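Quick note on labels: first sequence line is chain A, next is B, and so on, each numbered from 1. Fair warning: this is a prediction, and the values are worked out from it, not measured in the lab.
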There are 2 protein chains.
Amino acid sequence: MSSTERRERERAQRHQLIITAARELAEAEGWDAVTTRRLAERVEYSQPVLYSHFKGKDAIVRAVALEGFDDLGAQMRRARLAEISPKEALRALGRAYLDFAADRPALYEAMFIMPTDLAFAGTETPPALRAAFGEIVAVVGPRDGVGLYAEVFWGSLHGIAVLVHGKRMPAEHQGDRLDLLVEHFTPEAG
Amino acid sequence: MSSTERRERERAQRHQLIITAARELAEAEGWDAVTTRRLAERVEYSQPVLYSHFKGKDAIVRAVALEGFDDLGAQMRRARLAEISPKEALRALGRAYLDFAADRPALYEAMFIMPTDLAFAGTETPPALRAAFGEIVAVVGPRDGVGLYAEVFWGSLHGIAVLVHGKRMPAEHQGDRLDLLVEHFTPEAG
DNA sequence: TAGTGCGCCTAGCGTTGCTAGAATCAGGGG
DNA sequence: CCCCTGATTCTAGCAACGCTAGGCGCACTA
């Protein structure tokens with residue numbers, strides 16, 4: 001059954017190809033440009049092939065988002081581990097988060113803005129999401145049982161990131177905003 | 001030219017009718033349900049009439065959003081003026097903001113989530129937006145020249161509101177999150 | 001080599017935002 | 001009183017969207 005294996009391998013490659021193409025197209029021209037037709041053209045297959053891999057366009061976006069959580073988690077982890085003091089670690093993680101949102105806006109959009117049915121805080125939550133949130137918990141400090149501080153710190157970062165991204169808040173002073181947040185959320189100083 | 005006046009009056013009424021219908025339809029069934037066809041049917045005119053009032057669908061959404069800022073501004077103002085102490089005023093305004101987002105999700109979406117070309121912080125910023133932001137500045141205290149504290153407080157509120165709305169953060173504990181924010185942003189204590 | 005089944009593509013459905021051109025209606029002049 | 005003029009509204013249709021049915025062709029099995 002070697003041919004079957006090869007087929008499955010090729011199929012998996014194409015699966016990944018679709019996800020990558022969708023992300024690249026979104027990052028280059030925005031999600032509005034990611035239509036099933038253009039995406040199919042880009043992977044050099046016809047439209048229906050997409051539907052043999054994914055239930056629909058939403059599922060493709062979800063797959064792109066899911067990969068993004070690995071990246072974001074790793075980026076935050078690297079940032080916080082590079083610092084010694086809790087305060088500096090917090091600032092580094094916050095900067096990493098905001099940089100991620102600013103540098104890869106389309107990916108960030110798929111992860112945190114577009115409608116999704118990814119389970120975010122439940123038993124079905126994918127490991128990548130859990131790990132990414134865990135980085136925030138680690139740096140904020142699990143001062144309470146439910147991670148309230150981590151939630152609010154995350155929410156604050158997300159808020160300013162998304163308002164800047166939507167041009168509802170000036171892009172300048174983002175560093176100052178982060179400093180202000182860090183000042184308030186530094187562990188112990190609570 | 002009385003007939004002309006009447007015509008203009010009727011036209012203005014219809015203009016408002018379209019905005020109201022769009023908002024109601026969005027609040028009842030979500031913005032996806034607000035198609036130009038359904039909206040036209042609802043106002044009992046044909047589709048092209050919409051385009052004689054608005055440049056396109058985006059312009060209708062923008063008009064709905066603009067009205068929302070009056071509501072939100074008033075709601076925040078009422079809340080903060082009902083309290084004496086700065087801390088309680090801050091909490092009341094925050095609660096008003098979060099309640100607005102939770103109670104009128106479609107309207108909130110049009111104001112703060114959907115793509116828009118409304119000028120948010122510039123010379124062209126509509127008075128309603130300016131006034132609403134002014135309420136936040138008033139309650140946070142303009143501790144710096146550029147309203148950094150107000151921006152970050154607003155961003156934090158927006159972040160948790162929108163993450164809960166998108167089911168990316170549990171809906172519970174929203175009150176606790178607000179308390180935590182208020183604790184950190186209370187004037188003087190800063 | 002003939003049969004068989006899977007995989008891919010062509011074609012098309014219903015819906016979207018938006019627009020061109022026909023039709024209709026109100027108001028004013030002969 | 002009637003017809004003409006101009007504005008206003010509607011019918012019809014375009015291109016693009018997400019998605020799907022059905023048939024064709026190729027690769028593998030026997």
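- In this structure, CZ of B:F54 is placed 15 Å from P of C:dT19, rounded to the nearest angstrom.
- Looking at heavy atoms from C-beta onward, A:T125 lies out of side-chain contact with A:L118 at the 4.5 angstrom threshold.
- Not counting sequence neighbours, B:E124 has no partner by the salt bridge (charged side-chain N to carboxylate O under 4.0 Å, His left out) test.
- For the segment residues 22-36 of chain B, residues with any heavy atom less than 4.0 angstrom from an atom of DNA chain C are, sorted by number, B:V34, B:T35, B:T36.
- In this structure, B:Y51 atom OH and C:dG21 atom P are separated by 18 Å, rounded to whole Å.
- More than 12 heavy atoms of other residues, nucleotides or ligands shown are found within 6.0 angstrom of CZ on B:R42.
- Listed in residue order, the members of residues 56-64 of chain B having a heavy atom less than 4.0 Å from DNA chain D come to none.
- Bending across the helix from C:dT1-D:dA30 to C:dG30-D:dC1, expressed as the angle between its end axes from five pairs apiece, amounts to 30° (10° rounding).
- The shortest side-chain heavy-atom distance between A:R11 and A:H53 falls under the 4.5 Å cut-off.
- Remark: A:D179 engages A:R91 in a salt bridge (charged side-chain N to carboxylate O under 4.0 Å, His left out) (not counting sequence neighbours).
- If you measure from atom NZ of B:K55 to atom P of C:dC18, you get 11 Å, rounded to the nearest angstrom.
- Take A:R168 and apply the side chain to side chain donor-acceptor pair (under 3.5 Å) test, not counting sequence neighbours, and it matches no residue.
- Nucleotide C:dG17 holds its P atom 13 Å from the CD atom of B:E41, rounded to whole Å.
- Listed by chain and number, the residues in a side chain to side chain donor-acceptor pair (under 3.5 Å) with A:Q16 are A:T20, A:E67 (sequence neighbours excluded).
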Side-chain donor-acceptor pairs of residues 24-34 of chain B under 3.5 Å, sequence neighbours excluded:
{"unit_1": "B:E27", "atom_1": "OE2", "unit_2": "B:R104", "atom_2": "NE", "d": "3.3"}
{"unit_1": "B:E29", "atom_1": "OE1", "unit_2": "B:R38", "atom_2": "NH1", "d": "2.9"}
{"unit_1": "B:E29", "atom_1": "OE2", "unit_2": "B:R38", "atom_2": "NH2", "d": "2.9"}
{"unit_1": "B:W31", "atom_1": "NE1", "unit_2": "B:A106", "atom_2": "O", "d": "2.8"}

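- The closest side-chain heavy-atom distance from B:L157 to B:L178 is below 4.5 Å.
- With sequence neighbours excluded, the residues that form a side chain to side chain donor-acceptor pair (under 3.5 Å) with B:R77 are B:E135.
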Check nucleotides 7-9 of chain C for protein N or O atoms closer than 3.5 Å to its own N or O atoms and list the pairs.
{"unit_1": "C:dC8", "atom_1": "OP1", "unit_2": "A:R14", "atom_2": "NH1", "d": "2.8"}
{"unit_1": "C:dC8", "atom_1": "OP2", "unit_2": "A:R14", "atom_2": "NH2", "d": "3.2"}
{"unit_1": "C:dC9", "atom_1": "OP2", "unit_2": "A:S46", "atom_2": "N", "d": "3.0"}
{"unit_1": "C:dC9", "atom_1": "OP2", "unit_2": "A:S46", "atom_2": "OG", "d": "2.7"}

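- By the side chain to side chain donor-acceptor pair (under 3.5 Å) test, A:Q174 is found to be paired with A:R177, residues two or more places apart in sequence or in another chain being considered.
- Rounded to whole angstrom, the span from the CZ atom of A:R37 across to the P atom of D:dC19 amounts to 11 Å.
- Using bins of under 30°, 30° to 60° and over 60° for the plane-to-plane angle, the ring pair B:F120/B:F69 lands in the perpendicular bin.
- The stretch residues 154-167 of chain B participates, sequence neighbours left out, in these side chain to side chain donor-acceptor pair (under 3.5 Å) pairs: A:S156-B:S156, B:Y97-B:W154, B:Y108-B:H158.
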